[in-house]
Amino acid sequence: MAQPQTAITPTRVEDYPEWYQQVVRAADLAETSPVRGCMVIKPWGYALWENIQRSLDAMFKATGHKNAYFPLFIPLSFLEAEAAHVEGFAKECAVVTHHRLEAGPNGKLVPTGKLEEPLVVRPTSETIIGDSFSKWVQSYRDLPLLINQWANVVRWELRTRLFLRTAEFLWQEGHTAHASEAEAREETMRMLSVYAEFAESYMAMPVIQGEKTAGERFPGAVDTYCIEAMMQDRKALQAGTSHFLGQNFAKASNIKFQSEQGREELAWTTSWGVSTRLIGALLMTHSDDDGLILPPRLAPTQIVILPVLHKEETKAQVLEYCHKLVAELRNVHYHGRPLEVELDAREGRGGERTWEWIKRGVPVRVEIGPRDIASDSVFLARRDLGVKEKSSMPRQQFVSYAARILEEIQTKLYDRARDFRIANTKKIDKKDDFYAYFTPKNADKPEIHGGFALAHWNGDPAIEAQLKNDLNVTIRCIPLTPEKAGDSGLHTGAAPRGLDPLFAEATPGTCPFSGKASPRRVGFAKAY
RNA sequence: CGGGGCGUAGCUCAGCCCGGCUAGAGCGCCUGGUUUGGGACCAGGAGGUCGCAGGUUCGAAUCCUGUCGCCCCGACCA
């Protein structure tokens, strides 16, 4: 069989969306299910999600939040309570109307037992959690109330893509209630910065923190903030959101408290979430034409040991050496945890076994055969380097350097993604230039084009609508300035991070679309 | 929801226009053997209500009608 140039066909350049699907499959992350629009998350993909969960959960706890769990079903009347909220979600709700099945004709089952009030499968939980909050909060002494839940939600999507948009997905939703507007706003920004910190330090994915325009706001929110990342096709992907909900949901759910002065007041609430979409973001940030590339801090397996077991007479010796190495490595700590090491001793699979791990994105592969044992060394391959760039290293040295090598990969992935974003971000001052930037040269089969554009905008929603219509380009966010940005108070970073000064700059100018005055540049891009 | 396409082995598909032996290929899977510092080779084998229902016909994967499902492109969205 002719060996293909790359493990994944087509390549990113040839057909990006198809490449994405192939990587999901080749890395064994997930597959489609018999239920339209829903996915089966396979063990490798779910292990990745568990790592994301564990890291984020620790950050939520460190910022004072507690986990709880609320019902999957939301009474229709709850959802109706907030006008903008209903309107935003009404078109994509799964509704439960019956509670029993009976044998019908032809051996089929038919639903019976109609419910008095239909139940909506949660698309998000503001209203049902608000109902609990209204009972839990009576005094200013009960505030702030800082709750998070890990859950699944359903949004009945018509066009779906694994991880990026599915009818059911896994996520976390934080819900908090506060005594003052200032405190709720501070919480909103803090959690946005927690997301930014997680994206950059764990996912090695640089993000822009910013505020959404009115048109892109969460239904029912006063202000919506987001982190936006650039994928390798130069499109933007919203990776997390944090909402300042004002008193809208407190009003709808009747969350009231008695203040220090004895007055009855409405609470101020926030909500914030990230989902399994992060896995899609991770994939499209780092992966190459040989498959997935995982940042070491989130990789379910950080180092895989691949013994060379071809000769019967050396087999036992090789395996013993490998088991010893695994034990040694598991005593090493990386980023506060023992190394995740896997020994793949499957036989007779030739290079295919190696390629399987390449496609799954394991950061470090170690190959060990009789020759290496003779020199007490290991043969090392890094996923961030070329397939052929392998090198030998004394075993002792490898064991003591292992954590350092992983951190080097972690940093390199971040730097590479950041450099890519910088290279594909452009300040644009003329309408023609803007249109040219976002127009592919080949209209029939559009090539990867565009990127992020920083352009002035006078704040008129009609311009947003026009650009969306003409180019399918939207304002991804109004980037935060250092004064506005929150502080997670957590310092987990692998490298200096923070607001990109290019985006954070907020000097006035002229809107190229209207000719009117603009307070500052905003970030435009095509988006997922 | 509008436009287009496709349902044949676990997967990717050929066969259909022009109806005709027991429905095929590649990959994957199982067994045995040969290999082995890198996606190996040979031999044998298992596996299919041709999406479903009806019709035309001596005979349907193939033609007709209906139906269900999926994919792609638009509109909408984390």
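Proteins get letters first, then strands, A, B, ... in listed order; numbering begins at 1 in each.
- Proximity note for A/E352 (side chain, C-beta onward) versus B/rA78, B/rG39, B/rG38: the nearest is B/rG39.
- Across the P atoms, B/rA25 and B/rG74 are found 39 Å apart, a figure rounded to whole Å.
- With a 3.5 Å ceiling on both atom-pair distances, the Watson-Crick or G-U wobble partner of B/rA43 is B/rU31.
- Separating the NZ atom of A/K315 from the C1' atom of B/rU36 is a distance of 12 Å, rounded to the nearest angstrom.
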Strictly under 4.0 angstrom, non-hydrogen atoms only: write out the protein contact profile of nucleotides 67-76 of chain B, one letter per nucleotide from the 5' end, B, S or -. ---S-SS-B-
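- A/L309 comes within 4.0 angstrom of no nucleic acid atom, judged by non-hydrogen atoms across all strands.
- Nearest nucleotide to the side chain of A/W355, out of B/rA78, B/rG38, B/rG39: B/rG39.
- Distance check on atom P: B/rA60 versus B/rC17 gives 14 Å, rounded to whole Å.
- A/K359 comes within contact range of at least one nucleobase, with a heavy-atom separation under 4.0 Å.
- By the 6.0 Å and 45° rule, A/R161 stacks over the aromatic ring of A/Y20.
- Straight-line distance between the P atoms of B/rC58 and B/rA46: roughly 37 Å, to the nearest whole Å.
- Ring geometry for A/H65 against A/W272 counts as perpendicular: the plane angle is over 60°, on a 0 to 90° scale with 30° as the lower cut.
- At a threshold of 4.0 angstrom between heavy atoms, the contacts of A/F169 include nucleobase atoms, whether or not backbone atoms are also involved.
- One C1' atom belongs to B/rG48, the other to B/rG28, and the distance between them is 16 Å to the nearest Å.
- Going from the C1' atom of B/rC42 to that of B/rG59 covers 42 Å, rounded to whole Å.
- One C1' atom belongs to B/rC52, the other to B/rG3, and the distance between them is 25 Å to the nearest Å.
- Of the residues near RNA chain B, A/D290 and A/S275, the one whose nearest nucleotide (by heavy atom distance) lies more toward the 5' end is A/D290.
- Of all non-hydrogen atoms in A/T276 and A/M39, the two that sit nearest each other are OG1-CE, 4.1 Å.
- A/R25 places its CZ atom 8 Å from the C1' atom of B/rU12, with the value rounded to the nearest Å.
- Going from atom CZ of A/F379 over to atom C1' of B/rG37 covers 8 Å, rounded to whole Å.
- No engagement by A/S392 is indicated, since no non-hydrogen atom pair under 4.0 Å with the nucleic acid exists.
- Distance check on atom C1': B/rA14 versus B/rG7 gives 15 Å, rounded to whole Å.
- In this structure, a donor-acceptor pair under 3.5 Å is absent between the side chains of A/D372 and A/Y321.
- Within 4.0 Å of A/Y528, counting heavy atoms only, lies no atom of the nucleic acid at all.
- Residues A/L306 and A/E216 each lie close to RNA chain B; by heavy-atom proximity, the contact nearer the 5' end of the strand is made by A/L306.
- For the pair A/E168 CD and B/rA78 P, the computed distance is 18 Å after rounding to whole Å.
- Protein atom NZ of A/K235 is 15 Å distant from nucleotide atom P of B/rA78, rounded to whole Å.
- A perpendicular orientation is assigned to the rings of A/H85 and A/F89, their planes being inclined by more than 60° (bins at 30° and 60°).
- Between A/F524 and A/F438, a ring centre-to-centre spacing not shorter than 6.0 Å is recorded.
- Among the heavy atoms of the strands lying under 4.0 Å from A/K390 is at least one base atom, whether or not backbone atoms are also near.
- The CE atom of A/M205 sits 17 Å away from the P atom of B/rA78 (whole-angstrom rounding).
- Annotation: B/rU57 and B/rG47 have their P atoms spaced 36 Å apart (nearest Å).
- Applying the salt bridge (charged side-chain N to carboxylate O under 4.0 Å, His left out) rule to A/R155 yields no partners; only residues at least two apart in sequence or on another chain are considered.
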Show which side-chain atoms of residues 277-285 of chain A pair as donor or acceptor with protein atoms under 3.5 Å away, not counting sequence neighbours.
| unit_1 | atom_1 | unit_2 | atom_2 | d |
| --- | --- | --- | --- | --- |
| A/R277 | NE | A/L164 | O | 3.1 |
| A/R277 | NH1 | A/Q238 | O | 3.2 |
| A/T285 | OG1 | A/A281 | O | 2.7 |

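- A/E356 places its CD atom 18 Å from the P atom of B/rG38, with the value rounded to the nearest Å.
- In this structure, the CG atom of A/D344 is 17 Å from the P atom of B/rG38, given to the nearest Å.
- Checked options A/R476, A/K235, A/K526; the residue passing with A/E228 is A/R476 (criterion: salt bridge (charged side-chain N to carboxylate O under 4.0 Å, His left out)).
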